[in-house]
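Hydrogens, waters and symmetry mates play no part in the numbers below; they use all other heavy atoms, side chains included.
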Amino acid sequence: METDVGPVSGGRLALVVEDDEDIRALIEFTLETQGFEVVAVASGLEGVDVVRERQPDLVTLDLGLPGIDGIEACRRIREISDAYVVMITARDDEIDRLLGLETGADDFIAKPFSARELKARVNAMFRRPRTVGGVHVAEHPAEDPHEVLVHGALRVDVESRRAFRGADELVLTRTEFDLLTELMRTPSRVWSREALLRTVWGTDWASDTHLVEVHVGNLRRKLADGTDGSTRFIRTVRGVGYRMELPA
């Protein structure tokens, strides 16, 4: 099922990092029709510089860039920004290559793609909670604006979008934070990959369940989940999906 592709609300800045002129022009035009102000560059280093100077809300990032590639550019961007990042690849099999990498990207799209697909994915991301200057923003504020979730040694402050393991604050991407929050809100629920895809990513595209798998893997690494005998927080339920492990 395709998601709504109406325009994203205005006042947002998008950065397009793409060395192919035709594809760059297509992405620029598509995002402009969604109400974004758009800046476009042709290399990863230029993209990192623009992120540092302009702090965009959205970055589309080609994998095969000259100089530093999209993976390295994304890692550098994640050090200075929590913008939504869509990684664009030349082939479907490059997505498989990315699955084992902690790129920090929120979504992946393989070329060729349609303007409608890009619009739908961007709309889905911007329906999720986000922060501006560290302040939580939502079109419909939560009933409890001071919601704090606790699960064993994990604590998530939903309003400030901060997560802790014990006294240590976790450095999570927006998607990782949203994923952890949903799992912790219903710790006894077994979430299928498809259900998490609908709730966290806002899409019903079953072919995108790999997004859930890679982000769960990245989240587990940041939680030191089950590593070296440490506490396991996220349990895989074989043939179904994931749930929070019961605290010891």
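With K111 as the partner, the side-chain contact (heavy atoms from CB on, under 4.5 Å) test is satisfied by one option alone out of I23, L63, T89: I23. Looking at V16, V17, L13 one by one, the single match for side-chain contact (heavy atoms from CB on, under 4.5 Å) with V59 turns out to be V17. When each of L170, N218, L172 is paired with L223, the side-chain contact (heavy atoms from CB on, under 4.5 Å) condition holds for L170 and for no other.
Both the sub-6.0 Å distance and the 45° axial angle are satisfied by R155 relative to the ring of F164.
In this structure, the side chain of D106 engages the main chain of V85 through a donor-acceptor pair within 3.5 Å. In terms of modelled atom types and a separation under 3.5 Å, the side chain of H215 and the main chain of A105 share a donor-acceptor contact.
No donor-acceptor contact under 3.5 angstrom links the side chains of E117 and S114, judged on distance only. Remark: the T175 side chain and the W201 side chain contain no N/O donor-acceptor pair separated by less than 3.5 Å. Looking at R220 and T236, their side chains do bring a donor and an acceptor atom within 3.5 Å of each other.
When all heavy atoms are compared, the tightest approach of T173 to E176 is N-OE1, 2.9 Å.
In the hydrophobic clustering of ILVMFWY residues, with side-chain heavy atoms under 4.5 Å counting as a link, L61 and I80 come out together.
For F126 and F36, the ring centers sit closer than 6.0 Å to each other.
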